[in-house]
Colleague: 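Quick one: this structure, given as structure tokens, is what I'll be asking you about.
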Amino acid sequence: LEEKVTGWLGEMIGLPEGFHGVIQDTASTTTLCALVCAREKTTAYGVNAAGPDGLAGAGALRVYASREAHSSVLKGAKIAGFGAANVVAVDIDESRAMDPADLEAKIAADLADGLVPCCVIATVGTTGCTAIDRLKELGPVARRHGLWLHVDAALAGNAAILPEMRWLLDGAEFADSLVLNPHKWLLTNFDCSAYYVRDPEHLERTLSIHPEYLKTGRDREVNNYMDWGIPLGRRFRALKLWFVLRSYGVRQLQEMIAGHLALAREFAGWVDEAADWERLAEVPVNLVCFRWRPAGVDEAQLNRVNAELVEKVNAEGTIYLTHTKLDEVYTIRLAVGQRGTGRQHVDEAWGVLRKMAGEMGGR
Ligand SMILES: *Cc1c(COP(=O)(O)O)cnc(C)c1O
């Protein structure tokens, strides 16, 4: 069933031929697996962890991700022995996507210093503001240098079930591994991460340990998923994804996601039109980043004012908002992603925001 549902999901998001899926608990775990696979590929199964700080200086293995990448990249690098210091923060462009030219430059600089480039982690839909790293441009850089390319599409990858959103994963053919989380935006209860790899044998070689008590007569006949991830025992996560896919069907799931995208765009339009509000990022999928910008309040006060607004809105209790900082700018985030969320809820959210802002009286 796990082979079946990961196959279906791969087709739904238009994944290129040649990927094999496995379900893991979280995207963080799959990123760790990808890092370990990258490490073993680079070192030909030779080197093991150097400790939480990794190696320093010549010979150190390097991981590249944009500075908007998820915290699981740093965490995975620490656990896998690269060390946080060997995670290179690649510059971002104005859409906050990884800059391929800077990736190339950072790899070249590392090579010149005797460091060993190993893995690129691209993010399709960053956590902060759903910036989309362009796989079509990053892929050739990774390939040219023989680096592992892992694609973290935890949230936004789900939107690729819509044909008009397939562009999100343009260039996925360059990836060695890719993850998306049905538990984030595809109605599947936590936890359920779909991890796709190009070379399952490499994954198995990297992770398999076969003690006598686990040997069966059929080890070579079936995919033995104990070798495709970190835990030995595994939950039957494929079943709940099977239920979701079978009970809704692709069409209804597409309609749900298309509805969320439309609501997010509509909300973004309201923000754009309102004089006292400002949108702070593009809206490629379902997350709108914005802030209140009342006339007469100077820039230095805006972070504090917006933090107070979010606190007030959340205390009011109708909606719950989270925030981030984009270049030190306090940013309110509104995400549309639940089955029951309709236009009236988004409209109500906008109403609450303006009402609470009004009560703060332009401070
Ligand atoms: C949510 C998220 C993660 C972490 O997902 P888990 O499944 O909770 O580990 C990683 N990367 C991105 C881009 C995310 O949005």
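Only heavy atoms go into these numbers, but all of them, side chains included; no hydrogens, no water, no symmetry mates. Order of listing sets the numbers, starting from 1, for every ligand and every atom in it. Everything quoted here is computed from the prediction, not taken from an experiment.
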Colleague: Return yes or no for this condition: an N or O of S28 is under 3.5 Å from an N or O of ligand 1.
Modeller: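 In this structure, S28 places an N or O atom under 3.5 Å from an N or O of ligand 1.
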Colleague: Just which atoms of ligand 1 are under 4.0 Å from any heavy atom in H183?
Modeller: 7 (O)
Colleague: From the options T29, N181, T30, select the one residue that forms a side-chain hydrogen bond (donor to acceptor under 3.5 Å, both in side chains) with S193.
Modeller: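 Running side-chain hydrogen bond (donor to acceptor under 3.5 Å, both in side chains) over T29, N181, T30 with S193 returns exactly one hit, N181.
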Colleague: Does the side chain of Q254 come under 3.5 Å of the side chain of R251 through a donor N or O and an acceptor N or O?
Modeller: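 Checked: Q254/R251 side chains show no N/O donor-acceptor pair below 3.5 Å.
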Colleague: Which of these, T30, T26, D25, I121, has its nearest heavy atom closest to atom 8 (O) of ligand 1?
Modeller: T26
Colleague: Pick whichever of V124, T31, D152 has a heavy atom sitting closest to atom 13 (C) of ligand 1.
Modeller: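 Among V124, T31, D152, the closest heavy atom to atom 13 (C) of ligand 1 belongs to D152.
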Colleague: Per the side chain to side chain contact (heavy atoms under 4.5 Å, CB included) rule, which among F19, Y195, Y196 passes with S177?
Modeller: Y195
Colleague: Got the closest protein heavy atom to atom 15 (O) of ligand 1, with its distance?
Modeller: K184 NZ, 2.8 Å
Colleague: Can you name the one residue among T206, V63, L61 that meets side chain to side chain contact (heavy atoms under 4.5 Å, CB included) with R39?
Modeller: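 Single side chain to side chain contact (heavy atoms under 4.5 Å, CB included) partner of R39 among T206, V63, L61: L61.
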Colleague: Using a 4.0 Å cut-off to any heavy atom of T127, which atoms of ligand 1 qualify?
Modeller: 12 (C), 13 (C), 14 (C), 15 (O)
Colleague: Below 4.0 Å, non-hydrogen atoms only: which portion of A154 touches ligand 1? Side chain, backbone, both or neither.
Modeller: side chain
Colleague: Can you tell me which residue among V36, D227, D176, V197 is in a side chain to side chain contact (heavy atoms under 4.5 Å, CB included) with L203?
Modeller: V197
Colleague: Find all atoms of ligand 1 within a distance of less than 4.0 Å from any non-hydrogen atom belonging to G125, and give their numbers and elements.
Modeller: 13 (C)
Colleague: Would you say N181 touches ligand 1, if touching means a heavy atom closer than 4.0 Å?
Modeller: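 Per 4.0 Å heavy-atom rule, N181 contacts ligand 1.
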Colleague: Any donor and acceptor pair, going by atom type alone, linking the side chain of T341 with main-chain N or O of G337 inside 3.5 Å?
Modeller: no
Colleague: H150 and T31: side-chain donor and acceptor closer than 3.5 Å?
Modeller: yes
